[in-house]
Amino acid sequence: MRTIELVVMALRAILGNPMRTILTMLGVIIGVSSVVTLVAIGQGAQVQIEKQYENLGTNLIVANVLGRGRAQQLDYNDLMQLEMLPEIGAMAPTVNKNNSNVKFEHNEDQFNVVGTNDRYLEMMKGEMASGRFLVDGDLEFRSSVAVLGSETATTLFPGEDPLGKVVTIEGISFNVIGVMQKKGSTIGGTSLDTSVIVPLETARRTFKIGSITTTYVEAATKDDLTQAQTTLTQYLTYKFKSSNGFRLLNQDQLMNARVAASSTLTNQLISVACISLLVGGIGIMNIMLVTISERTREIGIRKSIGAKRRNILLQFLVEAAVISSLGGLIGLILGCALSWAIPLINPAQATKLSLDVGIYAFLFSALVGIIFGLYPANKASKLRPIDALRFD
Amino acid sequence: MDNMIELEHIVKTYQRGAETLHILKSVSLTVARGDFVAIVGPSGSGKSTLMNTIGLLDVPDSGTYRLDGVLTSNMSDNGLAELRNRKIGFIFQQFNLLPRLTALENVELPMIYSGIGKKERRERALVVLERLGMGERGHHKPSELSGGQQQRVAIARALAGNPSLMLADEPTGALDSKTSAEVLELIVQLNRQGNTIVLITHDMHIAENARRIVTIRDGEIVSDERLDGAPSERLTEAVSR
């Protein structure tokens with residue numbers, strides 16, 4: 001008997017009981033559609049992350065001082081000397097005071113306060129919406145001035161122009177000199193939009209922050225990146241008398257770290273979805289066993305007129321495989337539809353469909369049907385014709 | 001002598017609890033090619049077991065069975081299935097048609113398992129249905145046919161594979177008397193056309209249409225008589241039409 005005839009036969013048997021068939025398929029449908037959707041979400045997130053780093057340029061290095069290095073303080077002016085080296089374009093050392101209380105009149109919230117220099121804005125690819133960013137003089141005179149992120153501004157000054165107003169950060173007054181444009185993206189966990197930027201030394205002294213923790217370094221050109229990284233390593237190793245006190249990450253490494261974090265989560269979700277696919281397979285096995293005991297007489301008739309074990313085995317195996325792959329196909333379509341609909345409902349959640357994952361999920365569902373159909377089909381094929389015919 | 005069936009010392013026992021039931025006690029039977037044998041006996045006599053043995057649906061505990069010259073002892077399940085497919089056409093009391101398939105597809109079924117191509121299968125099935133006066137009903141499901149029509153389809157299915165032996169188990173048991181007579185006439189005709197027929201029944205009137213009547217009781221053959229006259233003549237009297 002040819003395969004196509006077997007499939008047609010299986011389809012007819014399946015369509016004879018559509019409600020049961022759909023219920024049987026449900027597990028596989030849910031499994032496949034969630035795998036497809038979750039992969040699309042995961043890949044969408046990856047594309048989003050890549051896009052965020054893309055417009056930053058690839059020659060940024062982030063130097064983090066780790067716990068062991070904190071005993072040794074980095075001096076701002078010493079650090080800035082490195083800027084004179086040909087391979088280094090610009091440097092922006094920063095100190096952070098996360099979740100600081102920032103207040104204007106009755107509006108109050110927690111924001112991340114960043115103490116840095118005038119290079120910071122450009123290195124973060126930020127732009128000003130109004131006013132100005134920090135300048136050399138602000139640092140030199142340790143002025144109490146602040147530049148607000150777009151979200152910070154709208155929270156503290158709803159419908160008002162923040163320029164020239166005075167905000168208090170942890171109870172200390174700062175003049176607002178500028179507001180940055182909305183950026184949307186986050187770099188290394190710090191979002192420009194929800195920050196308050198003040199001159200570095202002002203922040204250190206006012207908030208009693210010890211050491212510079214994070215320094216953004218821009219290599220002069222893409223080709224200088226390696227050299228810049230080497231120079232920084234040497235300098236920091238010399239400073240900390242050890243290579244354990246700090247960590248250097250370039251753009252690619254930063255991006256990869258974030259992509260890895262996001263794909264770990266996605267992979268865990270996908271494994272849960274795969275388990276539901278397996279549960280769907282068990283559902284198919286269950287229903288196939290019921291089907292076979294209902295169709296014992298049919299098996300007896302077929303055997304009496306000459307069906308061999310192989311014919312019966314194949315008939316029920318194909319039936320299980322057709323159920324599961326039909327379920328897989330429906331799940332695939334559903335998954336594609338969901339992946340398409342999710343960004344429409346939640347624009348922040350990008351999705352990216354990948355054809356090969358869809359095909360794998362579909363093939364996996366067909367495989368699940370075959371594996372879980374094997375036991376019932378084998379059981380059917382082993383029925384003795386005389387017992388099967390006597391069955392009512 | 002050209003024998004279709006040669007049964008020698010067939011023994012079949014069943015275990016029921018601690019009790020051993022001797023269903024067939026050393027049954028020997030020979031059926032010639034082209035013959036029409038009725039096996040009669042009351043229920044529990046072992047005639048169904050004998051029929052299942054002849055039909056290769058059940059395997060005896062001991063004894064040898066040659067079907068159309070082929071020794072069937074120690075054959076594998078697959079070998080038996082192939083033999084059933086090629087050599088035996090079954091006609092059951094309950095017709096045993098597959099309810100989801102049309103009449104035509106039911107007739108095609110044995111040919112599917114013998115690997116005949118789709119086109120030839122359909123043609124042959126149509127020819128056989130036509131021969132049994134069911135040509136118009138090919139596309140009906142069994143549930144849309146009367147009992148007599150269903151049995152005709154079942155006979156067509158039995159004939160379609162061109163078997164050496166037709167095995168009919170109470171073929172009229174589920175039919176009214178008029179339809180019974182028609183189906184019986186059909187079976188008699190098939191015998192006249194050269195088919196070897198073994199018919200199992202508990203009804204002597206039906207058995208009298210055969211050329212030879214074998215009576216079985218308590219697992220043993222108690223009588224074996226050959227009837228005089230061609231079965232068709234006697235049938236004509238019985239149905240009187």
Side-chain angles (χ1 to χ4, degrees), chain A residues 1-21 288 290-319 322-323 377-392, chain B residues 12 14 23 48-49 51-60 76-102 105-118 121-122 141-142 154 156-161 163 167 169:
Chain A
M1 199 168 0
R2 274 177 311 192
T3 322
I4 184 85
E5 285 183 279
L6 273 168
V7 172
V8 169
M9 196 163 85
L11 275 173
R12 286 180 59 167
I14 289 164
L15 295 177
N17 203 337
M19 191 60 194
R20 172 191 285 184
T21 304
M288 287 309 291
V290 172
T291 301
I292 281 156
S293 74
E294 279 177 355
R295 284 158 68 187
T296 302
R297 197 173 179 81
E298 174 189 330
I299 296 164
I301 295 169
R302 285 179 185 273
K303 283 204 152 187
S304 71
I305 61 171
K308 293 179 185 161
R309 269 194 66 176
R310 178 167 47 89
N311 299 121
I312 302 293
L313 183 91
L314 222 54
Q315 177 186 347
F316 287 99
L317 205 54
V318 167
E319 218 166 277
V322 167
I323 288 178
N378 186 48
K379 201 176 162 202
S381 77
K382 278 205 294 218
L383 281 172
R384 289 169 61 220
I386 180 71
D387 296 334
L389 267 179
R390 272 204 211 112
F391 189 88
D392 278 308
Chain B
K12 181 79 188 175
Y14 283 110
I23 307 295
S48 288
T49 307
M51 130 103 193
N52 290 332
T53 305
I54 294 172
L56 298 171
L57 295 173
D58 207 352
V59 184
S76 67
D77 283 355
N78 276 345
L80 292 176
E82 205 176 317
L83 219 53
R84 280 197 298 272
N85 183 254
R86 288 209 333 261
K87 299 216 179 277
I88 303 173
F90 286 95
I91 304 165
F92 298 99
Q93 178 176 4
Q94 297 300 333
F95 323 133
N96 280 348
L97 297 171
L98 294 188
R100 262 197 292 269
L101 304 185
T102 64
E105 287 164 337
N106 266 291
V107 177
E108 282 183 54
L109 209 54
M111 293 188 277
I112 289 181
Y113 292 123
S114 53
I116 295 169
K118 199 180 169 78
R121 219 157 68 199
R122 183 127 300 190
K141 295 269 172 72
R157 180 179 67 186
L159 277 174
L167 207 50
D169 182 13

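Below, chain A is the first sequence line, B the second, and so on; all start at residue 1.
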Exercise. What's the verdict on side chain to side chain contact (heavy atoms under 4.5 Å, CB included) for B:Phe92 and A:Ile301, showing C-alpha distance, side-chain angles and the deciding distance?
Worked result: CA-CA 10 Å; B:Phe92 298 99; A:Ile301 295 169; 5.7 Å; no
Problem set entry | For B:Ala81 against A:Ala307, the heavy-atom pair lying closest together | CB-O, 3.6 Å
Problem set entry | Electrostatic pair A:Arg384:B:Asp58 at N-O distance under 4.0 angstrom | yes
For this session: Would you confirm whether A:Arg12, through its side chain, and B:Arg100, through its main-chain N or O, come within 3.5 Å as a donor-acceptor pair?
Result: yes
Exercise. In terms of heavy-atom proximity below 4.5 Å to chain A, should B:Arg86 be classed as side chain, backbone, both, or neither?
Worked result: neither
Exercise. Between CG of A:Leu6 and CD1 of B:Ile112, what distance do you get to the nearest 0.5 Å?
Worked result: 9.0 Å
For this session: Using side chain to side chain donor-acceptor pair (under 3.5 Å) as the criterion, point out the one residue from A:Lys303, A:Arg302, A:Lys308 that pairs with B:Tyr113.
Result: A:Arg302
Problem set entry | Residue, of B:Leu57, B:Leu56, B:Ile88, that accumulates the most heavy atom pairs under 4.5 Å with chain A | B:Leu57
For this session: Could you look at B:Leu80 and say if it's the side chain, the backbone, both or neither that has a heavy atom under 4.5 Å from chain A?
Result: neither
Seminar exercise, completed: CZ of A:Arg297 to CD of B:Gln94, rounded to nearest 0.5 Å, is 6.5 Å
Seminar exercise, completed: Interatomic distance, CD1@A:Ile305 vs CG@B:Leu98, rounded to 0.5 Å, equals 6.5 Å
For this session: Measure distances from B:Asn52 to the heavy atoms of chain A and classify the residue's part below 4.5 Å as side chain, backbone, both or neither.
Result: side chain
